[in-house]
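Shown next, in structure tokens, is the structure this report addresses.
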Amino acid sequence: MILGHIGARKGSKGVPGKNFRLICGKPLIDWSLDQLFANPRVGAVVVSTDDEAIHDHAVRRGALEIGLRPAELATDTAPKWGVWQHALAASEAITGPVSAFLDLDCTSPLRLPEDIDGALTLYETEHPDMVMSVCEARKNPYFNLVEPDATGALHVSKPLPGGVWARQDAPVVYEHVGMVYVVDPQYLAHASTIYEGRVIPYVLPSERCHDIDTPYDMRLVEFLLSEQLKSGLVKA
């Protein structure tokens with residue numbers, strides 16, 4: 001049984017109340033909730049939040065009722081891993097054991113339904129501890145990311161012998177993006193951090209991998225989401 005999860009904290013310094021703000025006609029969280037409820041492979045849905053309005057909204061829509069997350073998991077420094085562990089344990093107390101923990105970031109509404117199915121299929125085929133969505137990095141630390149030394153002089157962040165003088169010659173690096181994660185419940189329950197086990201990439205197009213952290217992000221994502229709606233890639 002696959003458990004679909006969304007984390008939606010109440011506080012947000014960049015965009016206050018962003019997880020429940022309207023975007024293209026409906027609350028931001030509903031773009032992810034709709035995808036979980038519509039996916040026939042998902043057996044149950046849970047929302048971890050410290051916001052009573054979001055909690056009640058999710059439960060009315062059919063999410064498991066696990067109550068509000070503990071205060072120590074509701075700060076802006078609380079690790080995602082601990083939030084996931086709490087949500088898994090609270091959900092399994094209701095549903096019994098689950099076969100996969102599927103997380104969608106509330107602030108990444110540009111994912112398509114096939115992105116979720118692709119990640120689930122990769123997990124079922126490869127049997128890793130975790131599938132993590134990524135996109136090819138827009139900037140590469142072997143080529144065009146630089147950092148200052150003790151004197152303030154700039155150097156390539158990850159130099160290689162002889163240097164890298166063309167982007168296509170640099171090793172491939174990925175950006176960790178919050179579109180979709182699939183985690184082995186046993187790994188989630190017993191590991192202390194994300195990268196302890198075998199975490200494999202699920203590569204998505206960079207044009208869909210935009211997260212909402214700032215008012216500018218909100219405007220950009222709303223524009224891109226409206227383009228998806230016009231093209232029929234997603235439905236309101």
Same apolar cluster (I L V M F W Y, side chains within < 4.5 Å links), [X]/[Y]:
| X | Y | answer |
| --- | --- | --- |
| Val131 | Val177 | yes |
| Val134 | Val199 | yes |
| Val98 | Val47 | no |
| Leu33 | Leu110 | no |
| Leu104 | Met1 | no |

Once you round to the nearest 0.5 Å, how far does [atom1] of [X] lie from [atom2] of [Y]?
| X | Y | atom1 | atom2 | result |
| --- | --- | --- | --- | --- |
| Leu112 | Met179 | CG | CE | 7.0 Å |
| Asp103 | Leu88 | CG | CG | 11.5 Å |
| Leu36 | Ile116 | CG | CD1 | 5.5 Å |
| Gln85 | Leu73 | CD | CG | 9.0 Å |
| Arg9 | Asn19 | CZ | CG | 8.5 Å |
| Thr95 | Leu64 | OG1 | CG | 6.5 Å |

- Quick one: side-chain hydrogen bond (donor to acceptor under 3.5 Å, both in side chains) pairs with a partner in residues 193-204, sequence neighbours left out?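 Of all non-adjacent pairs touching residues 193-204, those that pass side-chain hydrogen bond (donor to acceptor under 3.5 Å, both in side chains) are Ser192-Glu196.
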- So Trp84 and His5, would you call those rings parallel, tilted or perpendicular, with 30° and 60° as cut-offs?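 The rings of Trp84 and His5 stand perpendicular, inter-plane angle above 60°.
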- Task: Evaluate the criterion side-chain contact (heavy atoms from CB on, under 4.5 Å) for residue pair Phe101 and Val182; output intermediate values, then yes/no.
- Result: CA-CA 6 Å; Phe101 182 88; Val182 189; over 6 Å; no
Polar side-chain atom of [X] near backbone of [Y] as donor-acceptor pair, under 3.5 Å:
| X | Y | value |
| --- | --- | --- |
| Glu222 | Cys24 | yes |
| Asn39 | Gln35 | no |
| Asp50 | Leu68 | no |
| Asp51 | Ala8 | no |

- What residue among Val59, Ile6, Ile29 forms side-chain contact (heavy atoms from CB on, under 4.5 Å) with Ile54?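 It is Ile29; the other options fail the test.
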Are the charged groups of [X] and [Y] less than 4.0 angstrom apart, N to O?
| X | Y | value |
| --- | --- | --- |
| Lys230 | Glu227 | yes |
| Asp117 | Arg41 | yes |
| Asp34 | Lys26 | yes |
| Arg111 | Asp105 | no |

Quick check on [X]: does its [atom1] atom have over 12 non-hydrogen neighbours (other residues, nucleotides or ligands) under 6.0 Å away?
| X | atom1 | value |
| --- | --- | --- |
| Phe37 | CZ | yes |
| Glu52 | CD | no |
| Lys158 | NZ | no |

- Item | Steps toward ring pair (Phe, Tyr, Trp, His ring centres under 6.0 Å) verdict (Tyr181, His176) | CA-CA 10 Å; Tyr181 307 84; His176 166 193; 5.6 Å; yes
Decide yes or no for [X] and [Y]: does some side-chain heavy atom of the first lie under 4.5 Å from some side-chain heavy atom of the second?
| X | Y | answer |
| --- | --- | --- |
| Ser133 | Asp115 | no |
| Tyr123 | Pro128 | yes |
| Arg138 | Ser206 | yes |
| Asp211 | Asp217 | no |

- Task: In sequence, state the C-alpha distance, the side-chain angles, and the governing distance for His57 and Phe20, and then conclude on ring pair (Phe, Tyr, Trp, His ring centres under 6.0 Å).
- Result: CA-CA 10 Å; His57 173 77; Phe20 216 28; 5.2 Å; yes
- Locate the shortest heavy-atom distance separating Val15 from Thr214; write the atom from each residue and the value.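 Nearest heavy atoms, Val15 then Thr214: CG2-C, 3.3 Å.
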- Counterpart residues, ring pair (Phe, Tyr, Trp, His ring centres under 6.0 Å), relative to Tyr187 (two or more places apart):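 So Tyr187 forms a ring pair (Phe, Tyr, Trp, His ring centres under 6.0 Å) with Trp81.
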